[in-house]
Amino acid sequence: MPGEIRCIDYCYVTVPDKPGEGSRILTALHQAGINLLGVSAFPHGARKSQLDLVPEDSAAFTKAAKTAGLTLSKKKSGFLIQGEDRPGAVAEIAEKLLQANINITSVQAFCAGSGRYGGMLWVKPPDMRKAAKALGVSQSTVAATSDIVDEASEESFPASDAPSWTQGHS
């Protein structure tokens, strides 16, 4: 399968849903020298937003977040997917997981320009190791499942207040 897939660790922060909160956090991390591989933000409850932050260096990120006064969630895991942009690139990854009987919890993928794509993909914590094997990801980079929080768990967003993009979909 062309492209690169690797295991990622990330945390999220919950902030007031108001102008400037994302900028405040991203600026503090930038000023601390933190490189982020990905960011995802969406509504999280009444007047709150959740920012998923995928750092290149988890240890440095954790230290910088503490210095900035951020309250991080438990460490979570998923997969970073990257490769040459072409029809069916993400479908091939989904097919590998289907063949291993693994459900994809969430995926975000985008054209990155210059003929490349990138994205993030999540499976349920008990499926991380099996998914890594199906995708050809080194087992040494997959965290123990007890350290992983499910992206779609109530800790991530309560079932009673799922993000608007999940409402009305089955």
Side-chain angles (χ1 to χ4, degrees), residues 1-15 22 25-26 29 34-45 48-62 64-65 70-85 88-112 116-159 161-166 169:
M1 175 182 343
E4 301 170 35
I5 303 174
R6 66 176 171 163
C7 191
I8 53 172
D9 292 329
Y10 70 101
C11 295
Y12 70 81
V13 294
T14 303
V15 297
I25 290 167
L26 295 173
L29 294 172
I34 300 302
N35 185 40
L36 295 173
L37 301 174
V39 175
S40 176
F42 50 88
H44 179 81
K48 299 279 185 190
S49 291
Q50 176 175 315
L51 275 72
D52 292 347
L53 303 164
V54 184
E56 183 174 60
D57 180 337
S58 291
F61 167 74
T62 301
L70 301 178
T71 302
L72 298 177
S73 68
K74 293 178 185 176
K75 182 171 66 172
K76 301 166 73 170
S77 293
F79 295 98
L80 177 67
I81 57 176
Q82 300 171 295
E84 296 298 318
D85 189 20
V90 177
E92 289 176 9
I93 295 167
E95 179 66 23
K96 292 276 188 191
L97 294 172
L98 168 64
Q99 293 303 316
N101 197 33
I102 298 169
N103 188 44
I104 297 171
T105 300
S106 179
V107 66
Q108 298 175 359
F110 301 94
C111 174
R116 306 265 310 153
Y117 79 93
M120 296 181 289
L121 180 141
W122 296 269
V123 299
K124 298 229 179 275
D127 290 333
M128 279 296 295
R129 289 188 188 279
K130 186 176 174 185
K133 183 177 179 182
L135 297 172
V137 175
S138 168
Q139 294 294 300
S140 65
T141 64
V142 181
T145 56
S146 62
D147 293 338
I148 303 168
V149 176
D150 182 3
E151 173 69 13
S153 72
E154 288 194 17
E155 183 175 326
S156 186
F157 46 80
D161 191 35
S164 59
W165 51 264
T166 64
H169 300 282

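Contact between L36 and V39 at its shortest, heavy atoms only, is CD1-CG2, 3.7 Å. Closest approach of G118 to A112, counting heavy atoms only: N-CB, 4.5 Å. The minimum heavy-atom distance linking F79 with V123 is given by the pair CE1-CG2, 4.2 Å. Contact record, L72 with A65: CD1-CB, 3.6 Å, taken as the closest heavy-atom pair. Scanning both residues, L80 and G119, for their nearest heavy atoms gives CD1-O, 3.4 Å.
Under the 4.5 Å side-chain criterion, counting only non-hydrogen atoms from C-beta, C11 is not in contact with K76. Looking at V54 and M120, their side chains come closer than 4.5 Å, going by heavy atoms from C-beta outward. Between I81 and E4, every side-chain heavy-atom pair lies at or beyond the 4.5 Å cut-off. Counting heavy atoms from C-beta outward, Q50 and F42 have side chains that approach closer than 4.5 Å. At a threshold of 4.5 Å between non-hydrogen side-chain atoms, the residues S106 and W122 count as touching. Under the 4.5 Å side-chain criterion, counting only non-hydrogen atoms from C-beta, L51 is in contact with V15. In this structure, the side chains of L97 and N103 stay at 4.5 Å or more apart for every pair of heavy atoms. With contacts defined as side-chain heavy-atom distances shorter than 4.5 Å, the pair T14/K48 qualifies.
Between the side chain of D127 and the backbone N or O of K130 there is no donor-acceptor pair closer than 3.5 Å.
Here the CG-CG distance, from L70 to L29, works out to 6.0 Å after rounding to the nearest 0.5 Å. I25 CD1 to I34 CD1: the interatomic distance, rounded to the nearest 0.5 Å, is 14.0 Å.
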Decide side chain to side chain contact (heavy atoms under 4.5 Å, CB included) for K96 and L135; before the verdict, give the C-alpha distance in whole Å, the side-chain angles of both, and the deciding distance to 0.1 Å.
CA-CA 7 Å; K96 292 276 188 191; L135 297 172; 4.0 Å; yes
Before you tell me yes or no, could you show the steps for S73 and Y12 under side chain to side chain contact (heavy atoms under 4.5 Å, CB included), namely the whole-Å CA-CA distance, both residues' side-chain angles and the distance that decides it to 0.1 Å?
CA-CA 5 Å; S73 68; Y12 70 81; 3.4 Å; yes
Could you give me the CA-CA distance, side-chain angles and deciding distance for M128 and C7, then say whether side chain to side chain contact (heavy atoms under 4.5 Å, CB included) is met?
CA-CA 9 Å; M128 279 296 295; C7 191; 3.8 Å; yes
Under the criterion side chain to side chain contact (heavy atoms under 4.5 Å, CB included), I'd like the reasoning laid out for L53 against Y10: C-alpha separation, chi angles, the key distance, then a yes or no.
CA-CA 6 Å; L53 303 164; Y10 70 101; 5.8 Å; no
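In this structure, the side chain to side chain contact (heavy atoms under 4.5 Å, CB included) partners of A94, at least two apart in sequence or on a different chain, are I104. Qualifying side chain to side chain contact (heavy atoms under 4.5 Å, CB included) partners for E56, counting only residues two or more places apart in sequence or in other chains: N35, L37. Residues meeting the side chain to side chain contact (heavy atoms under 4.5 Å, CB included) test with L98, sequence neighbours left out: E95.
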